[in-house]
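See structure below.
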Amino acid sequence: MKHSNRSLVRIFSVCIGMLLFFYAVLWLRQSLEFTTLDLTTVALMLGRTGLGAIGFFMVIRPQQAGKWLDRQVDGMGRTFEAGYAKGAKRDHVKLIVLVTMLSLLLELVMIRWLASVFPVFSYYKNFTLLACFLGLGAGYAVSNRQPCAPALVLPMLALFVAVITLMRYDLGADHDLFTTQPMREQTSMTMDMIRFDWVTWARMSLPLYLLLSTCFIACACICYPVGQLCGKLLQTTKPLKAYGYNLIGSLLGVAALFVMSLFWLPPVVWFAAAGGILLYFVLARDALLPVGVASFCVLIVALAWPVQPEAQRIYSPYQLLERTAKPDGLMQILSGGSYYQKVYDLAEERRGHEDAHNRYVRAYYEFPFNFKKKPERVAIVGSGSGNDVAAALRMGASHVDAIEIDPAIVYFGRHYHPEKPYADPRVNVIVNDARNFFRTAQGQYDLIIYGVLDSHTALSHASNLRVDSYVYTREGIAEAFKLLKPDGVMSVSFALPNESLGFKLSHILSGLPGAGKPLAVRVLYDASSTTAFVAQKGRDVTLPNANSFAAMGFTDVSAHFAQPYPEASIPTDDWPFFYMVERTYPLTYVLALGMVLLLSYFFARRVIGLSGPVEPGYLPFFFLGSGFMLVETKAITELGLHLGGTWFVIAATIVLVLLMAYLANLLVERYGVRQAGLAYLGLFASLAVGYSYALHHQLLGITSPLIGAAIACVLLTVPLFFSGIVFSNLIARRGVNISTALAYNLMGALFGGLMEYNSMYFGFAFLYLLAIVFYGLAALFSFEIGKVPMWRRAEAFARTWLL
């Protein structure tokens with residue numbers, strides 16, 4: 001067959017070759033800065049140059065090793081088909097569950113790992129997810145047309161992980177490749193956006209787009225054999241039963257990553273779990289098991305290698321944290337290889353004896369207490385490793401609620417902060433999303449302090465927002481402000497990568513009901529743009545001891561940030577993109593998504609063929625997948641808003657979505673529910689209710705938070721129950737191949753993932769309108785009418801489903 005696993009391996013080889021050549025070029029450019037060369041450096045330089053030469057050869061002449069490689073790949077397919085298929089039929093239930101679990105676990109593991117290695121994969125939030133959809137969908141599509149070769153997965157995975165690890169840790173964390181982001185429309189912690197131009201963007205972004213594109217195709221290649229195997233196994237039993245087992249496996253995959261995240265386990269355990277399933281249950285009876293075992297060992301060694309022995313590394317549920325030491329011996333925390341937080345010893349007995357720098361740092365952390373002396377109750381958002389909490393205790397606070405979303409950062413603060421603020425009985429540590437805390441908090445505060453929330457790249461593996469996005473919306477800050485006592489003070493500090501963020505914060509604070517005129521002071525902590533914004537209930541805020549603060553470098557910039565600013569670009573709960581300079585259709589995202597479409601077409605054409613026409617009978621599965629992706633995204637973001645944008649809530653939401661689909665399939669399989677027309681009506685009605693709910697973010701007449709949360713969970717996920725009934729009815733039709741149906745469904749989910757980026761201009765509620773369009777198209781194509789004109793399909797839809 002023209003399009004086979006041979007094409008897959010050659011495509012993967014080209015991707016690896018490009019990465020190796022790119023690695024060698026960047027390293028050689030960096031080596032030009034060396035002033036002296038010893039024997040070890042020369043040897044390493046020759047080795048890296050050799051890797052670059054191999055990579056270059058793999059890119060320009062991938063066919064040179066073709067005959068030998070083709071024989072190996074064909075042998076893998078023949079070996080599996082001959083020695084494993086019979087056993088697969090006997091154990092089809094167990095294998096369907098396990099292989100589906102493997103597919104979802106591998107997908108989630110790749111998303112988390114790449115985001116922890118290269119921050120750019122955090123900014124392009126669902127890039128890896130789309131790559132996995134592409135690979136799995138393509139594998140499903142050819143599962144009954146090509147020999148299945150699951151033995152390819154571990155060698156490809158081991159090679160990919162080894163090369164990415166080499167690029168990340170041998171080149172160094174301070175390289176531009178690891179610290180920039182290519183989105184022109186969003187602010188960055190490492191680019192000077194004021195002097196930003198498209199030439200600068202191209203120079204800094206083209207290497208990143210090369211990295212993104214090669215990793216995109218490589219991830220698709222790795223997932224492709226898993227999709228093949230899933231599709232082949234699903235055809236060994238009845239479609240509805242097979243789909244039910246598929247959903248059970250997906251639930252187990254989410255549960256496995258949930259447990260690993262709960263215990264902060266590192267990537268070596270994540271990949272060991274996925275690779276172990278493949279080895280023990282899939283390749284155990286394969287003659288190529290030794291190849292799999294050897295690849296598994298390479299994978300584990302690459303992940304367990306002590307790339308940074310000087311740092312304590314913790315994989316929290318959100319990010320990779322690395323504990324290192326400052327020159328004074330106190331703790332510094334890195335995230336993804338870049339500076340994140342550091343601690344100071346500013347104990348009271350040191351007051352008046354510090355050097356100039358520490359006196360300045362003390363003045364910064366104690367700045368909010370100039371507006372509220374010895375407060376009784378203080379809330380600190382983003383308490384981090386404890387500097388703000390220690391300042392509150394030094395300034396006489398009677399009670400401090402310290403809110404921090406990342407439990408690993410709290411762990412570091414408890415054990416390594418020299419003032420031990422988290423051990424003080426006056427401190428109540430709350431590991432939660434700040435927005436959710438303010439929504440459920442009891443009592444009022446004299447002072448609310450927003451620390452410099454640093455989570456610009458800290459994404460949950462399944463979320464589509466930065467974890468602090470809803471913290472800085474107009475509604476979010478207003479909810480916190482309501483908790484202030486009369487005459488209470490709110491202080492918001494931020495390292496502004498662009499002045500637009502300062503305008504947003506200033507205008508939000510000035511528009512708070514009952515707030516006086518806010519104060520904005522450039523405090524310069526950690527960056528020349530760090531600014532503290534202060535608002536007070538019932539009165540304007542003025543800077544006390546202005547001359548002494550001016551002598552330290554603090555500057556009043558209130559008049560500057562009080563200038564007019566477009567209301568449409570102020571973040572709200574529907575458009576929570578605080579980091580975007582303005583509400584605009586993101587051109588650089590469009591470029592990246594266009595790249596995804598081209599790469600997807602290229603990949604599918606090479607490994608599937610795309611020679612035949614699109615099968616109209618399977619188009620409903622495509623549009624159901626698109627709608628599913630959009631509704632799932634909205635459910636995650638909306639429940640994150642109401643229940644907290646924590647990894648736990650996100651994981652629970654995904655489980656709830658899968659349970660809805662499983663329940664729908666169970667009703668169709670076991671109880672014969674065949675009312676697809678009523679299911680469509682329920683689907684559109686629930687989408688309309690969800691859209692209305694998304695616009696207002698509240699349930700009228702519901703006063704109990706617990707009941708409101710339960711109803712919100714049902715409202716936001718019930719569309720997926722109705723769409724699940726439709727999906728199960730469609731796969732139960734005579735002549736429908738479940739593998740082909742799931743292939744179309746996954747490709748539709750990929751397209752829905754691309755359409756999700758429309759929320760960056762229109763807001764998240766708009767996703768419901770898009771979902772209604774996609775589900776409408778699914779309904780339109782859900783008829784076995786043959787080549788009937790579109791208007792006839794619409795007429796049939798009205799007669800069959802609506803009348």
Side-chain angles (χ1 to χ4, degrees), residues 108 111-112 115 122-123 125-126 129 254 257-258 261-262 316-319 381-382 403-407 430-441 453 455-477 479-480 571-579 629-660 690-691 693-699 705-706 708-720 753 756-757 759-760 763-768 771:
L108 296 177
I111 292 169
R112 281 209 66 187
S122 291
Y123 290 109
K125 40 194 176 289
N126 59 1
L129 175 67
V254 175
L257 191 64
F258 174 89
S261 299
L262 181 66
S316 82
Y318 302 97
Q319 58 199 321
V381 178
I403 304 100
E404 170 58 50
I405 194 171
D406 196 326
I430 299 158
V431 179
N432 194 4
D433 172 59
R435 180 68 183 275
N436 183 250
F437 168 78
F438 285 131
R439 178 163 287 183
T440 58
L453 273 68
S455 46
H456 300 279
T457 61
L459 293 175
S460 165
H461 64 271
S463 180
N464 296 281
L465 290 175
R466 292 169 181 80
V467 294
D468 52 349
S469 288
Y470 280 124
V471 175
Y472 292 114
T473 65
R474 186 188 295 279
E475 296 89 339
I477 293 179
E479 284 181 1
T572 64
D573 283 350
D574 184 52
W575 190 79
F577 300 100
F578 175 68
Y579 298 92
M629 187 70 177
L630 294 172
V631 175
E632 182 186 39
T633 296
K634 189 66 191 96
I636 289 172
T637 56
E638 195 74 22
L639 288 176
L641 170 62
H642 289 277
L643 302 180
T646 62
W647 72 276
F648 180 86
V649 170
I650 292 165
T653 304
I654 296 174
V655 168
L656 185 59
V657 165
L658 292 172
L659 284 175
M660 284 289 185
Y691 176 68
Y693 178 67
L695 290 177
H696 301 95
H697 300 288
Q698 60 183 352
L699 296 170
L706 185 61
I711 295 177
C713 290
V714 173
L715 282 179
L716 293 168
T717 57
V718 74
L720 302 175
E756 175 213 323
Y757 283 88
S759 63
M760 299 181 72
F764 276 102
F766 180 75
L767 298 185
Y768 273 116

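Between Tyr470 and Thr637, some side-chain heavy-atom pair lies under the 4.5 Å cut-off. Put simply, the side chain of Leu767 does not reach to within 4.5 Å of the side chain of Val631, judged on heavy atoms. Counting heavy atoms from C-beta outward, Thr633 and Glu638 have side chains that stay 4.5 Å or more apart.
Applying the side chain to side chain donor-acceptor pair (under 3.5 Å) rule to Thr653 yields no partners; only residues at least two apart in sequence or on another chain are considered. For Ser316, the side chain to side chain contact (heavy atoms under 4.5 Å, CB included) partners two or more places apart in sequence, or in a different chain, are Tyr318, Gln319, Leu321, Asp406, Ala408. Remark: Tyr691 pairs with Leu695, Ala765, Tyr768, Leu769 by the side chain to side chain contact (heavy atoms under 4.5 Å, CB included) rule, at least two apart or across chains. Partners of Thr717 by side chain to side chain donor-acceptor pair (under 3.5 Å), not counting sequence neighbours: none found. Here Phe766 pairs with Phe762 under the ring pair (Phe, Tyr, Trp, His ring centres under 6.0 Å) rule; sequence neighbours left out.
Look at Arg474 and Asp574 and you find no salt bridge, because none of the NZ, NE, NH1 or NH2 atoms lies under 4.0 Å from a carboxylate O.
Minimum heavy-atom separation, Asn126 to Gly753: ND2-O, 3.3 Å. Nearest heavy atom pair, residue Val657 against residue Leu720, reads CG1-CD1, 3.4 Å. Between Cys713 and Leu643, the shortest heavy-atom contact is SG-CD1, 4.0 Å. Annotation for Ala635 and Leu716: closest pair CB-O, 3.7 Å, computed over non-hydrogen atoms.
To the nearest 0.5 Å, atom CZ of residue Arg435 and atom OH of residue Tyr472 are 13.0 Å apart. Between the CZ atom in Arg439 and the CG atom in Asn432 there is a gap of 12.0 Å [rounded to 0.5 Å]. Ser261 contributes atom OG, which lies 4.5 Å from atom CZ of Arg112 (distance to the nearest 0.5 angstrom). In this structure, CG in Asp433 is found 5.0 Å from CD1 in Ile405, a value given to the nearest 0.5 Å.
The main-chain N or O of Asp573 is found under 3.5 Å from a side-chain atom of Glu475 such that the two form a donor-acceptor pair.
Ring centroid separation for the pair Phe648 and Phe258 comes in under the 6.0 Å cut-off.
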Would you please test Val381 and Phe438 for side-chain contact (heavy atoms from CB on, under 4.5 Å) and show each step?
-> CA-CA 10 Å; Val381 178; Phe438 285 131; 3.2 Å; yes
